[in-house]
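Just so you know, ligand 1 is whichever comes first in the structure, and atom 1 is the first atom listed for that ligand.
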Amino acid sequence: MDIHDIRQLFPILHQEVNGKPLVYLDSAATSQKPVQVIEAINTYYREMNSNVHRGVHTLGTRATDGYEGAREKVRKFINAKSTEEIIFTRGTTTALNTVAASYAKANLHEGDEIVISYMEHHSNIIPWQQVAKQTGAVLKYLPLQEDGTISLEDVRETVTSNTKIVSIMQVSNVLGVVNPIKEIAKIAHENGAIMVVDGAQSTPHLKVDVQDLDCDFFAFSGHKMCGPTGIGVLYGRKQLLENMEPIEFGGEMIDFVGLYESTWKELPWKFEGGTPIIAGAIGLGAAIDFLEEVGLDQIEAHEHRLAAYAIEKMSAVEGLTIFGPKEASKRAGLVTFNLDDVHPHDVATVLDAEGIAVRAGHHCAQPLMKWLKQSATARASFYLYNTEEDIDKLVSGLLKTKEYFSDVF
Ligand code: 7TS
């Protein structure tokens with residue numbers, strides 16, 4: 001599929017914002033949705049809507065088939081061994097909190113260590129802070145190299161035989177770096193720790209294989225990969241999930257309920273209390289079909305090209321600082337930057353007037369902002385529907401921003 005055909009499938013892109021054609025450069029926050037996903041959700045509500053796993057009636061069977069069919073699509077997409085290992089959640093945040101609240105609280109004790117890094121998103125920091133407070137475990141931070149990458153030498157030094165959990169993002173939502181998860185997982189396992197991966201920014205953009213990574217848990221969100229909001233996935237190794245307690249109790253997740261004792265369903269349903277996110281899962285399944293049709297290799301190569309082009313063009317803007325490694329080969333498709341003394345919110349506001357959507361702020365990574373010595377940054381993030389022309393518009397928008405603020409100051 002060429003870029004023109006891909007763009008045609010995203011209705012939202014074909015509109016004007018503030019009198020200018022929309023240039024959407026905020027896919028790391030949430031991606032846009034192709035017609036296939038919008039239609040799948042529409043068809044679900046028009047033709048299939050019913051609760052799952054209960055009715056014998058035809059609509060109930062259709063909804064159950066759609067929901068469980070989506071689980072199989074997810075399993076194949078990330079190459080998990082079994083659908084028992086695929087738990088639908090609200091998103092990455094809920095998935096990581098499930099590991100923390102269920103696995104970590106039951107298995108960690110005083111003096112045990114949890115290792116994360118300075119570049120983590122708040123969703124992969126705060127749950128571990130809570131676990132540390134409640135169990136007496138110690139939270140340790142992997143340092144970063146000057147360019148924002150993680151060195152395996154530092155991993156070997158930080159992870160010890162006291163480490164029980166290593167939890168790292170595969171791709172940074174700020175620096176764009178791709179972390180060596182497979183190698184980090186190996187070090188974690190050599191020390192008897194489990195490996196948790198925040199895949200929120202990797203799963204949409206590169207081929208994920210949980211067996212090849214050899215991770216124990218892997219979390220991601222549907223809405224960043226062309227799927228709807230409100231659906232995400234927790235992958236967990238079966239033998240770990242089997243020994244974990246659910247964190248939500250109620251309908252759907254039980255086998256037998258007595259007056260004082262109850263038993264749970266088998267995997268994965270024991271972790272899916274209440275009516276599940278049926279339309280969301282079906283929408284995510286349609287997103288996976290779409291991404292596979294385009295091809296993850298093609299998407300990754302396209303974004304690499306865009307990142308290289310953006311770094312080249314943006315580096316030529318005087319006074320613009322790019323954070324993270326300069327080599328496009330070390331990063332995924334996003335560029336975080338600041339422009340002279342102009343506050344990133346002002347940058348984003350001027351760009352918005354040009355129809356260009358970028359994100360400004362701390363990007364839910366306040367420890368990383370501290371490490372970068374910035375209170376906030378601006379970020380342009382790309383996906384399969386972006387073009388070099390979008391980046392040209394961004395650069396001319398940035399030049400306009402400079403001009404505007406040089407008049408003001
Ligand atoms: N982990 C990473 C690496 C993320 O980038 C995000 C969201 C999350 C976890 C949380 O995902 P959620 O779907 O549960 O909210 N990141 C961003 C961002 O960079 N800008 O807006 C949201």
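The 12-atom threshold is not exceeded at OH of Tyr118, counting heavy atoms of other residues, nucleotides or ligands nearer than 6.0 Å.
Using a 4.0 Å cut-off to heavy atoms of Ser221, the atoms of ligand 1 that qualify are 11 (O), 12 (P), 13 (O), 14 (O). Atoms of ligand 1 lying under 4.0 Å from any heavy atom of Met169, numbered from 1 in the order shown and given with element: 3 (C). Of all the atoms in ligand 1, the ones that sit under 4.0 Å from a non-hydrogen atom of Ala28 are 17 (C), 18 (C), 19 (O). The atoms of ligand 1 that sit less than 4.0 Å from any heavy atom of Asn173 are 5 (O), 18 (C), 19 (O).
By the criterion of a heavy-atom distance under 4.0 Å, both the backbone and the side chain of Thr93 are placed next to ligand 1.
From the protein, the heavy atom lying nearest to atom 16 (N) of ligand 1 is Lys224 NZ, 3.0 Å. For atom 9 (C) of ligand 1, the closest non-hydrogen atom on the protein side is Asp198 OD2, 3.5 Å. The protein atom (non-hydrogen) at minimum distance from atom 5 (O) of ligand 1 is Gln201 NE2, 2.7 Å. Looking at atom 20 (N) of ligand 1, its nearest protein heavy atom turns out to be Arg379 NH2, 3.2 Å.
Taking the centre and axis of the six-membered ring of Phe77, the NZ or CZ atom of Lys207 falls inside the cone set by 45° and 6.0 Å.
Between Tyr24 and Tyr385, the ring planes lie tilted relative to each other; the angle falls in the 30° to 60° range.
Taking the charged nitrogens against the carboxylate oxygens, Asp147 and Lys326 have no contact shorter than 4.0 Å, which rules out a salt bridge.
At a 4.0 Å cut-off, not a single heavy atom of Asn124 sits close enough to ligand 1 to count as contact. Distances shorter than 4.0 angstrom occur between a heavy atom of Ser123 and an atom of ligand 1.
Residues His205 and Val171 form no side-chain contact, since every pair of their non-hydrogen atoms from C-beta on lies 4.5 Å or further apart.
For an aromatic pair to be called close, the ring centres must be under 6.0 Å apart, and Tyr44 with Tyr67 fails this. For His122 and His362, the gap between ring centers is short of 6.0 Å. Under the 6.0 Å cut-off for aromatic ring centres, Phe382 and His302 do not qualify, their centroids lying 6.0 Å or more apart.
Relative to atom 6 (C) of ligand 1, the option among His223, Glu120, His122, His121 with the closest non-hydrogen atom is His121.
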